[in-house]
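Below, all heavy atoms of this structure are taken into account, side chains as well, without hydrogens, waters or symmetry copies.
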Amino acid sequence: MSAPATPPTPLEKALGIPRVAEHIDQIVSLGEEYVTNAPSGTPPCCAWDAGSLSRQLSAKPTAPHQIILLDMGGTHTKVATKHPSGEWSLLFDHLNDWFEPRRDTSLSPLQGFFRVLVNELVESLPSLKTAGLPIRVGVIWSNQIKTKRFSTGATTGVTGIVHGYQSGGYRKGEWFLKGIQNGDDIGALLLSECTHAGITPEAMVLGNDTLFTLFAVPGAHAGVVMSSGGNCTLVGTSESDRDELYNSELGGMLMLPESVLSEGDKEFSKNRGLALLSLEELSAGNWFPDMVSANIVAGSRLPEGRDLQPIATALTNGSLVINNRSLCDLLGGSRGIFESFSTESVTALTSLTRALVERAAVLAGVMTYLSVAPQLKAGVKRAIISLDSSMGRYFPGYFDIMKRRIADLTPSGHEVETVLVHPIPLPNGGDISVPLQGAALLLESSMS
């Protein structure tokens, strides 16, 4: 195992931040157990939710299509299109609350949302009905589903069935999800609204962002997301499901042993009312500022962390609130929101933040390796991973440390290449996210 990118300071040792590196073999073994047990569902295990797609796409070129991509996130919904020429357009990107006052209240919230969404699509792209091109639709659904293949005769593809509604799979609370139930067919309802608007896609594929991320890199063996949350695909290796894709939810389900947590992590866990923390809670962006804040406060109580006391006081009394942007700026050499603090305080904060970023990257590397570990064991010699990671794109050093950890874990005689994919910026603002890119490449294949 390689040494940490930066040797730990006395404060970091006193807090216990190096514990992850010291117990990395234990964490990897635990993760391998989660992944190995996933198909059987025997605890401890991660999810094994079928994506109803194979990673092996046909290379056969297809006739030109109009590709429509719908990304329904927790707070906003983005609709983009990829023209046969290869040109991308972002048709609109609205907060989810934008749709509610425009809906027909005689319909269920979800059907009302879909009707407004499809009508807005048709108005934004008048050529959709006149161009005469076959239409293919990709849908990114940000809540828990079970997928299944379908065919109506006119349309074939993959739909999503509501799953986990009562057990936390729908905890973001989007207004249009009120009244849905486990077993509801999301794709069928959306397809009915397309028909209502005079659109008949020849293909529609619905899935989560991790599955589509895999397809953003042709030939990839796994798709990994390490942005606001952390997740990865798994791929079947048995004769019955070889190359079939599964959503693992590994980042949120792999619970870390308390022995690897720092004193600040334990305070962070206590603040959230949790007994244990998952891998993604120490490595992904959604929780990162709060986790760093808890380590600052815990560190300020130690003799080695006296320089952090002014910052800890400001965090505690609410006069300072940190976010990922401010932490990236700090590591990039800009004091930013920390300008009023002494050089000693900022130096201590920078060192601590760097240590927590390096630790997060190590854990992200573990999860990324685990996404292909079963395939390596089954005989794959060279695996390619498609990575969508705002943490890797913005935090200095994060991606390099991830790659080093993956290389450390890769067995001799095997090779793992991790490709960090970037959103495609558009001339008029906005961008095409990595999952949307993957969905388009999937829909452009023959899908045979």
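Contact annotation: the side chain of Asp97 approaches that of Trp175 to within less than 4.5 Å [non-hydrogen atoms, C-beta and beyond]. Met367 is listed as a side-chain neighbour of Met226, based on a closest heavy-atom distance under 4.5 Å. With contacts defined as side-chain heavy-atom distances shorter than 4.5 Å, the pair Ser142/Glu174 qualifies. Annotation: side chain of Pro374 is not in contact with side chain of Thr36 (no heavy-atom distance under 4.5 Å). Under the 4.5 Å side-chain criterion, counting only non-hydrogen atoms from C-beta, Leu442 is in contact with Leu57. Counting heavy atoms from C-beta outward, Phe150 and Met204 have side chains that approach closer than 4.5 Å.
A tilted orientation is assigned to the rings of Phe395 and Tyr398, their planes being inclined by 30° to 60°.
The salt bridge (charged side-chain N to carboxylate O under 4.0 Å, His left out) analysis of residues 194-208, with sequence neighbours excluded, yields the pairs Arg136-Glu202.
Side-chain atoms of Ser269 never come within 3.5 Å of backbone atoms of Lys266 as a donor-acceptor pair (strictly under, hydrogens ignored). For the pair Glu280 (side chain) and Gly230 (backbone), a donor-acceptor distance under 3.5 Å is present. The backbone N or O of Leu363 lies less than 3.5 Å from no partner atom in the side chain of Arg405, so there is not a single donor-acceptor pair. Remark: side-chain polar atoms of Asn231 are not paired, donor with acceptor, to backbone N or O of Thr210 under 3.5 angstrom. The closest donor-acceptor contact from the side chain of His414 to the backbone of Thr410 lies at 3.5 Å or more, if one exists at all. Put simply, the side chain of Asn271 gets close to the backbone of Glu267: a donor and an acceptor are under 3.5 Å apart. At distances below 3.5 Å, not a single donor-acceptor pair connects side-chain atoms of Glu415 with backbone N or O atoms of Ala383. The backbone N or O of Ile384 sits less than 3.5 Å from a side-chain atom of His221, completing a donor-acceptor pair. At distances below 3.5 Å, not a single donor-acceptor pair connects side-chain atoms of Ser127 with backbone N or O atoms of Thr130. A side-chain donor-acceptor contact under 3.5 Å links Ser227 to the backbone of Ser390.
Judged by distance alone, the side chains of Asn37 and Ser40 never bring a donor and an acceptor atom under 3.5 Å apart. Side-chain contact of Ser89 with His83: a donor-acceptor pair under 3.5 Å is present, judged by distance alone. Side chain to side chain, Asp49 and Thr147 fail the donor-acceptor criterion of an N or O pair below 3.5 Å. A donor-acceptor contact under 3.5 angstrom links the side chains of Asp93 and His76, judged on distance only. No side-chain N or O of Asp329 forms a donor-acceptor pair with one of Ser326 less than 3.5 Å apart. Counting only N and O atoms by type, the side chains of Asp290 and Ser293 include no donor and acceptor under 3.5 Å apart. Inspection of the Ser151 and Thr156 side chains reveals no N or O donor paired with an N or O acceptor under 3.5 Å.
Partners of Tyr369 under the ring-ring contact (aromatic ring centres under 6.0 Å, His included) rule, at least two apart in sequence or in another chain, do not exist in this structure. With sequence neighbours excluded, no residue forms a ring-ring contact (aromatic ring centres under 6.0 Å, His included) with Trp141. Take Phe268 and apply the ring-ring contact (aromatic ring centres under 6.0 Å, His included) test, not counting sequence neighbours, and it matches no residue. Scanning for salt bridge (Lys or Arg N to Asp or Glu O under 4.0 Å) contacts around Glu239 gives Arg242, with sequence neighbours left out. With sequence neighbours excluded, the residues satisfying ring-ring contact (aromatic ring centres under 6.0 Å, His included) with Tyr246 are Trp48.
The environment of OH in Tyr394 is sparse: at most 12 heavy-atom neighbours from other residues, nucleotides or ligands sit within 6.0 Å. At most 12 non-hydrogen atoms from other residues, nucleotides or ligands lie less than 6.0 angstrom from CD of Glu258. Residue Lys146 places its NZ atom among 12 or fewer non-hydrogen atoms of other residues, nucleotides or ligands, all under 6.0 Å distant.
The distance from atom CE of Met291 to atom OG of Ser262, rounded to the nearest 0.5 Å, is 7.5 Å. To the nearest 0.5 Å, atoms CG (Leu234) and OH (Tyr34) are separated by 13.5 Å. One distance of note links CZ of Phe99 with CZ of Arg103; it measures 13.5 Å at 0.5 Å rounding.
The two residues Val158 and Ser52 come nearest to each other via the heavy atoms CG2-O, 3.4 Å. Contact record, Trp287 with Gly229: CZ3-CA, 4.1 Å, taken as the closest heavy-atom pair. In plain terms, the two heavy atoms of Thr213 and Val224 that are nearest each other are CG2-O, 3.8 Å. The nearest pair of heavy atoms linking Gly332 to Pro396 is N-CG, 4.5 Å. Contact record, Ser433 with Pro423: CA-CB, 4.4 Å, taken as the closest heavy-atom pair. Closest approach of Val118 and Ile199 over heavy atoms only: CG1-CD1, 4.2 Å.
Contact check on Asp388 versus Arg393 returns a salt bridge, with a Lys/Arg side-chain nitrogen under 4.0 Å from an Asp/Glu carboxylate oxygen. Note on Glu417 versus Arg382: salt bridge recorded, some NZ/NE/NH1/NH2 to OD/OE distance being below 4.0 Å. Ion pair Asp265/Arg359 flagged as a salt bridge, since at least one NZ, NE, NH1 or NH2 atom sits closer than 4.0 Å to an Asp/Glu carboxylate oxygen.
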**Request:** Please report the C-alpha distance between Thr233 and Asn247 in whole Å, then the side-chain angles of each, then the deciding distance to 0.1 Å, and finally whether the side-chain contact (heavy atoms from CB on, under 4.5 Å) criterion is met.
**Result:** CA-CA 5 Å; Thr233 59; Asn247 172 38; over 6 Å; no
**Asked** Can you check side-chain contact (heavy atoms from CB on, under 4.5 Å) on Arg272 and Glu281, steps first, answer last?
**Response** CA-CA 11 Å; Arg272 300 183 60 220; Glu281 285 166 314; 2.4 Å; yes
**Request:** Determine, stepwise, if the pair Asp241 / Ser238 fulfils side-chain contact (heavy atoms from CB on, under 4.5 Å).
**Result:** CA-CA 6 Å; Asp241 69 349; Ser238 69; 2.5 Å; yes
**Message:** For a salt bridge (Lys or Arg N to Asp or Glu O under 4.0 Å) check, start with the C-alpha distance between Lys78 and Asp431, then their side-chain angles and the critical distance, and finish with the verdict.
**Reply:** CA-CA 10 Å; Lys78 175 187 292 189; Asp431 59 50; 3.5 Å; yes
**Asked** Given the rule in the side-chain hydrogen bond (donor to acceptor under 3.5 Å, both in side chains) test, do Gln66 and Thr81 qualify, once you have shown the distances and angles that lead to the verdict?
**Response** CA-CA 7 Å; Gln66 180 75 64; Thr81 181; 2.5 Å; yes
**Item:** Step-by-step salt bridge (Lys or Arg N to Asp or Glu O under 4.0 Å) determination, Arg149 to Glu244
**Value:** CA-CA 13 Å; Arg149 294 181 174 92; Glu244 285 290 301; 3.4 Å; yes
**Request:** With side-chain hydrogen bond (donor to acceptor under 3.5 Å, both in side chains) as the test, would you mind laying out the steps for Asp243 and Ser54 before giving the verdict?
**Result:** CA-CA 5 Å; Asp243 288 326; Ser54 171; 5.2 Å; no
**CA sep, side-chain torsions, deciding dist, call: Asn208, Ile140, side-chain contact (heavy atoms from CB on, under 4.5 Å)** = CA-CA 5 Å; Asn208 78 358; Ile140 298 175; 5.9 Å; no
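Not less than 6.0 angstrom separates the ring centroid of Phe176 from the ring centroid of Phe114.
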